[in-house]
Amino acid sequence: MTEKQSTPPELKNASLFREKAYIAGRWIGADGGESLEVHNPATGELIGRVPNMGEAEAMRAIEAAESAQVDWCARTGKERAAVLRRFADLMMSNQDDLAKLMTIEQGKPLTESRGEISYAASFIEWFGEEAKRAYGDVIPAHQRDSRILVLKQAIGVAVAITPWNFPAAMITRKLGPALAAGCAMVARPSDATPFSALALAVLAEEAGVPEGVFSVITGKSRPIGKAFTDSPIVRKLSFTGSTEVGAQLMSQSAGTLKKLSLELGGNAPFLVFDDADVDAAVEGAIASKYRNAGQTCVCTNRFYVQAGIHDEFAEKLAAAAAGLKLGNGLDEGVKIGPLISPSAVDKVERHIADCLDRGARLLLGGKRGEGTFFPPTVLTGVAADALPMREETFGPVAPLVKFETEDEGLRLANDTEFGLASYFYSRDVSRVWRVSEGLESGMVGINTGLISTELAPFGGVKSSGLGREGSKYGIDEYMELKYLCMAGI
Ligand SMILES: NC(=O)c1ccc[n+]([C@@H]2O[C@H](COP(=O)([O-])OP(=O)(O)OC[C@H]3O[C@@H](n4cnc5c(N)ncnc54)[C@H](O)[C@@H]3O)[C@@H](O)[C@H]2O)c1
Ligand SMILES: O=C[C@H](O)CS(=O)(=O)O
């Protein structure tokens with residue numbers, strides 16, 4: 001049977017497109033020669049293939065990481081920082097190609113892909129600087145002849161498993177602190193979007209990240225994940241993805257007591273109070289709801305709008321959403337690209353149908369487009385227990401529920417197992433404090449729909465995960481504290 005013809009992306013820097021995995025400093029195929037196809041979600045075209053690796057290749061990458069990490073960790077923070085600086089600079093000088101590659105494999109509009117490359121590079125830059133500031137402590141001793149010190153030391157070999165929705169940033173949000181701390185990392189990107197990760201490996205290699213310190217393995221998730229969780233060499237596992245898989249990996253890691261970072265599912269509420277600036281709230285809602293076609297973990301999943309301004313907000317939100325152009329992310333002016341897969345479209349349709357079956361009214365959209373395209377959708381009169389109120393929709397659907405009192409709004413917002421991001425609009429300073437403190441989430445956007453930055457601790461509570469990424473807290477996820485008690489002085 002003749003092999004299906006692929007359509008590789010046309011890049012200025014052609015070396016960024018790799019159809020090999022990067023293991024211990026070498027670009028290689030799978031031991032068995034098998035490969036996985038990667039398709040463009042906007043067109044269905046075959047972009048290319050990546051090796052379908054398994055446990056054996058994963059173990060070789062882990063063993064190479066163990067060897068390479070010794071010297072990498074022995075370098076000074078300043079030496080590691082210099083490499084990370086070059087890495088971040090190379091990402092930005094290749095931003096156009098990296099963004100085009102991302103849009104082709106993930107579907108998001110080119111402007112969003114460019115934004116993600118900047119965001120991804122910012123983690124490499126930020127943690128390069130943090131490498132020089134991984135301070136320990138000197139603690140006043142408990143005895144006259146003793147001295148107490150606390151060292152921060154690299155935890156060792158780390159592994160990362162990342163999702164398809166942010167193919168670059170979800171890797172560098174882990175890789176940055178890991179390299180800065182002196183760890184080595186083996187990353188396994190989603191098999192839907194491996195090319196962005198492999199392009200990062202090209203630039204890491206060029207920046208001077210030593211062989212074996214960073215590997216990117218491609219292939220089926222379960223066997224590689226099993227190698228990651230079973231190996232005692234792996235001391236740190238960082239996962240970004242669904243709560244279901246995160247819990248499974250947590251269970252698989254118990255046997256070797258790994259340190260875990262779990263960035264999991266969300267179901268963000270967006271509250272608009274009567275005292276809000278409604279136009280600002282609509283602007284924030286558009287940003288928070290429709291970014292990446294609603295396929296981000298911090299996208300608003302459910303809207304709660306106080307009765308006094310409900311109708312004005314609903315009408316203005318539908319009008320603004322109607323102006324978002326749907327299409328191929330490479331095309332000028334496109335704001336909503338395709339969903340990642342047909343199953344993603346099916347889930348969006350299930351959520352809309354459940355809302356309508358329970359009496360909701362459709363203000364905008366609601367019907368799938370060609371392929372995996374789905375238009376921006378707005379519903380009102382949604383039942384408080386409809387599917388989008390309980391499950392992550394991961395699509396461009398805005399369900400609105402009306403509420404009367406602040407207490408009712410807060411209760412509805414917190415009525416979920418998740419706790420990643422929340423948003424609310426109010427100009428009453430006392431209410432801002434009450435609601436900020438009352439919301440059960442790791443992150444709160446106040447009069448804004450966009451909260452993500454490398455400077456702040458990103459992460460959730462309840463079923464949305466463990467640990468934080470970014471900020472001064474992010475490097476501690478890849479370090480261990482060692483207490484020294486020096487006596488006889
Ligand atoms: N909290 C965050 O920072 C954050 C960021 C992005 C995405 N997410 C969440 O990720 C989900 C969407 O991404 P997704 O569909 O890729 O999630 P997913 O959990 O299906 O997959 C995530 C990654 O894990 C791999 N995987 C799946 N099953 C596995 C297994 N048994 N063993 C090892 N690896 C396995 C996948 O191939 C993928 O690479 C959403 O729930 C979203 O909220 C969270
Ligand atoms: O989807 C998950 C990402 O963390 C979203 S963000 O780019 O960090 O806001």
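Quick caveat: nothing in here was measured; it's all calculated off a predicted structure. Whatever order the structure lists ligands and atoms in, that order sets their numbers, starting from 1.
Less than 6.0 angstrom separates the ring centroid of Y425 from the ring centroid of F270.
With a 4.0 Å cut-off on non-hydrogen atoms, E392 touches ligand 1 through its side chain and not its backbone. When non-hydrogen atoms are compared, ligand 1 lies under 4.0 Å from neither the backbone nor the side chain of I224. Contacts with ligand 1 closer than 4.0 Å are made by side-chain heavy atoms of I161 only, the backbone lying farther away. Under 4.0 angstrom from ligand 1, there are no non-hydrogen atoms of T243.
Under a 4.0 Å heavy-atom criterion, F166 is not in contact with ligand 1. The shortest heavy-atom distance from R188 to ligand 1 is under 4.0 Å. Heavy-atom separations between F228 and ligand 1 are all 4.0 Å or longer. For the ligand labelled ligand 1, residue Q295 lies outside the 4.0 Å heavy-atom shell.
Taking the centre and axis of the six-membered ring of F228, the NZ or CZ atom of R188 falls outside the cone set by 45° and 6.0 Å. In this structure, K236 forms a cation-pi arrangement with Y478, its terminal cationic atom sitting closer than 6.0 Å to the ring centre and no more than 45° off the ring axis.
Side-chain polar atoms of E244 and Q248 form no donor-acceptor pair below 3.5 angstrom.
Within 4.0 Å of ligand 2, heavy atoms belong to protein residues Y119, N165, F166, M170, R173, R291, T296, C297, V298, S452, F458.
With distances taken over non-hydrogen atoms, the option nearest atom 3 (O) of ligand 1 out of E469, M170, R173, R222 is R173. The option with the heavy atom closest to atom 11 (C) of ligand 1, from among G246, G265, A268, S242, is S242.
Near S190, meaning under 4.0 Å from one of its heavy atoms, ligand 1 places the atoms 39 (O).
Annotation: Q248 places an N or O atom under 3.5 Å from an N or O atom of ligand 1; distance criterion only.
Distance check, rounded to the nearest 0.5 Å: CG of L203 to CG of L16 gives 5.5 Å.
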